[in-house]
Amino acid sequence: MFEHCIALLKERGVNIQDINDCVMYLQKDHETGVTNDEVSETVNSIIQKREVQHAIMTGIALDKAAEQHILDDKILEDIINRDESLYGIDEVMAYGICNLYGSIALTNFGFIDKDKFGIIKELNDHKDNPNICHTFLDDIVGAIAASAASRIAHNQREVVGSKDAK
Ligand code: MG
């Protein structure tokens, strides 16, 4: 299922490196010293989680169904296609991912959702193709990046903590 999710993300224009860039952006004010390879490893570990895989598959399926106009409920289809600001279920799905990684992930998500950095901005704007729908995907990508940054912060704390103890 991991490979399936990576392929789905790629099909929708998202590579691991795009998510890594968002993680680096979230850490820009903290001197974590983590390398791109370590960030990649963390992002991959987030996508290994079944709950995250389910969110990726569900969100992308809804985005695709909306843009192909095959949803049975046309009112819902319109809401998703317009990315209506009061809808909010896309964010709720993202919180589902963040909740697995604690309050720092939630805070990070709020920050990157507001700032719309890199691939998140590209997905949200999709200027090149107005008929495409990324209502769920931009939040899922934000949540994966936010969770990865949270995990790195907690791991670093553990390393510092163990050094302090010596
Ligand atoms: Mg959204």
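The structure displayed is predicted, hence computed values, not measured ones. Remember, it's 1-based here, ligands and their atoms both numbered in the order they're listed.
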Peer 1: Of all N, O or S atoms in Asp90, which has the smallest distance to the Mg ion (ligand 1)?
Peer 2: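 Sorting the N, O and S atoms of Asp90 by distance to the Mg ion (ligand 1) puts OD2 first.
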Peer 1: May I ask you to check if any N/O/S atom from Asp139 comes under 2.8 Å of the Mg ion (ligand 1)?
Peer 2: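 Short answer: yes, at least one N, O or S atom is under the cut-off.
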Peer 1: State whether Glu51 and Lys49 are salt-bridged, where the test is any N-O pair (Lys NZ or Arg NE/NH1/NH2 against Asp/Glu carboxylate O) under 4.0 Å.
Peer 2: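 Salt bridge absent between Glu51 and Lys49.
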Peer 1: Are there over 12 heavy-atom neighbours, none belonging to Ile75, within less than 6.0 Å of that residue's CD1?
Peer 2: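 Count not over threshold, so no.
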Peer 1: Report the name of the N/O/S atom of Asp138 located nearest to the Mg ion (ligand 1).
Peer 2: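 Of all N, O or S atoms belonging to Asp138, OD1 is the one nearest the Mg ion (ligand 1).
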Peer 1: Please determine whether Asp83 has a backbone or side-chain N, O or S atom lying under 2.8 Å from the Mg ion (ligand 1).
Peer 2: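 Checking Asp83: none of its N, O or S atoms is under 2.8 Å.
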Peer 1: To the nearest 0.5 Å, what is the distance between CD1 (Ile97) and CZ (Phe109)?
Peer 2: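 Interatomic distance, Ile97 CD1 to Phe109 CZ, rounded to 0.5 Å: 8.5 Å.
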Peer 1: What is the ring orientation for Tyr25 with Phe111, classed by angle as parallel under 30°, tilted 30 to 60°, or perpendicular over 60°?
Peer 2: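 Taking Phe111 first and then Tyr25, their aromatic rings lie parallel (interplane angle under 30°).
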Peer 1: May I ask you to check whether Asn124 brings an N, O or S atom to under 2.8 Å from the Mg ion (ligand 1)?
Peer 2: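 No.
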Peer 1: Would you compute the distance between atom CG of Asp139 and atom CG of Asn124 and round it to the nearest 0.5 angstrom?
Peer 2: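 So the gap between those two atoms works out to 8.0 Å.
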